[in-house]
Every structure is written in structure tokens, then in C-alpha cells.
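Worksheet: the structure to be examined is printed underneath.
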Amino acid sequence: MIEKVSHIGIAVKNLEESIKIYENLGLKLEAIEVVESQKVKVAFIPVGKEVRIELLEATSPDSPIAKFIEKKGQGVHHIAFATENLQERLLELAETDMRLIDKTPRPGAHGADIAFLHPKSTGGVLVELCQEKH
Ligand code: ZN
């Protein structure tokens, strides 16, 4: 069901400053996108051909990212796994003990459909399932 890691989402206070850190590591910024529905500004930084870092900066104080940073500080926010047939996967997972944050896919960054699994069901890791646009 899971094909690969799509991206690692990292909560940051200041996008520009964090982009510099990754550029200093030799990586390159690909694009920046505002995802209104999630109140985040996202910087895409590819790592090789398949995986990317997504730096997430809150665009409003009630953004989930703002709340995350308030509670835990900056750092890794979620790991996203790429999957096909996301809606089907969610229906399958709903039959198990897995707690779903999203029972149906919603639009995420990069034109993908995404759904989050609850960290209480995944050993404390916020897991995103991500059906990427081809
Ligand atoms: Zn993500």
C-alpha cells in the first residue's frame, strides 16, 4: 500500500531562515506555495528524485503549525507516505484500530490529496498518506 516516503514535513518559525539552513547543506529550494486550507506556507526542497523536505510556516496564529510550535517548538511535524487509491486505503484503515484524523482525502500542497493518521495510533508520529498528482 505504501510506495515510498513522499516528504518530511518540518514546522518552522521563519521560512526564509530555515530555507537557508537547507541551502547551506547543499539542497535547493524548488518552490514556495501557500495552502490556504491548512493555513501554511510551504517550501519544497527536493532531496534526490523522490523525497522532499517540506518546510511549514504558519500563516495565521490558529494554524495547526502555529499550535504545534507553541507546544513542541520547531522540528519534525509529520512523515508523508505516498500511496495510490487514498480513499480506498482510508476505508480499509477505518476497519482496523487505526484512528484517522481525516476519513476522506483533502487537498494538500503540491496538488496532492492527503489524509492524516492520529499520532495516538502510530506511536507518536503524525503520519500523512499522500496521493500525489502524476
Ligand atoms: Zn505533508
Side-chain angles (χ1 to χ4, degrees):
M1 116 176 218
I2 287 170
E3 297 154 3
K4 59 171 185 163
V5 172
S6 158
H7 60 271
I8 297 165
I10 298 175
V12 305
K13 285 184 186 164
N14 182 300
L15 212 52
E16 304 309 320
E17 282 176 18
S18 295
I19 288 167
K20 268 186 220 132
I21 296 171
Y22 290 88
E23 284 178 340
N24 287 341
L25 289 173
L27 298 168
K28 283 204 171 62
L29 174 69
E30 182 184 71
I32 292 178
E33 180 186 331
V34 174
V35 184
E36 288 297 348
S37 61
Q38 289 178 71
K39 298 177 179 163
V40 287
K41 198 157 115 185
V42 187
F44 301 103
I45 300 174
V47 183
K49 285 190 169 59
E50 300 227 302
V51 182
R52 61 185 184 272
I53 300 287
E54 291 192 6
L55 301 177
L56 310 163
E57 183 195 76
T59 56
S60 130
D62 64 340
S63 161
I65 293 302
K67 288 176 194 158
F68 177 90
I69 289 176
E70 211 171 282
K71 261 169 72 183
K72 300 187 171 174
Q74 301 191 100
V76 173
H77 178 260
H78 66 273
I79 296 179
F81 296 113
T83 182
E84 293 298 319
N85 306 315
L86 179 55
Q87 179 65 79
E88 230 171 88
R89 297 285 91 83
L90 292 174
L91 288 171
E92 287 166 12
L93 288 171
E95 304 279 301
T96 69
D97 287 340
M98 184 69 74
R99 268 176 71 185
L100 308 179
I101 294 175
D102 301 296
K103 292 196 170 65
T104 54
R106 57 175 154 133
H110 236 237
D113 286 329
I114 65 166
F116 284 103
L117 309 180
H118 201 287
K120 286 223 163 76
S121 301
T122 53
V125 178
L126 180 58
V127 171
E128 174 190 316
L129 299 179
C130 175
Q131 182 172 357
E132 298 177 333
K133 283 272 178 298
H134 295 292

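In listed order, ligands and their atoms are each counted from 1.
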- Protein N/O/S count near the Zn ion (ligand 1) (criterion: distance under 2.8 Å): 3
- Compare every heavy atom of A109 with every heavy atom of F44, then report the nearest pair and how far apart it is.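 Taking F44 first and A109 second, the nearest heavy atoms are CZ-CB, 3.6 Å.
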- Distance-minimising heavy-atom pair for S63 and Q38: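 Shortest heavy-atom contact: OG-O, 3.7 Å.
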- Query: To the nearest 0.5 Å, how far apart are CG in L55 and CD1 in I65?
  - Reply: 10.5 Å
- Salt bridge present between E92 and R89 (N-O < 4.0 angstrom):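 Salt bridge flag = yes for R89 with E92.
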- Message: Run the ring-ring contact (aromatic ring centres under 6.0 Å, His included) test against F81 and tell me which residues pass, sequence neighbours left out.
- Response: none
- Item | Qualifying residue, where the test is side-chain contact (heavy atoms from CB on, under 4.5 Å) with L117 and the options are D102, L129, I101, V125 |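 So, applying the side-chain contact (heavy atoms from CB on, under 4.5 Å) to L117 and each of D102, L129, I101, V125, only L129 qualifies.
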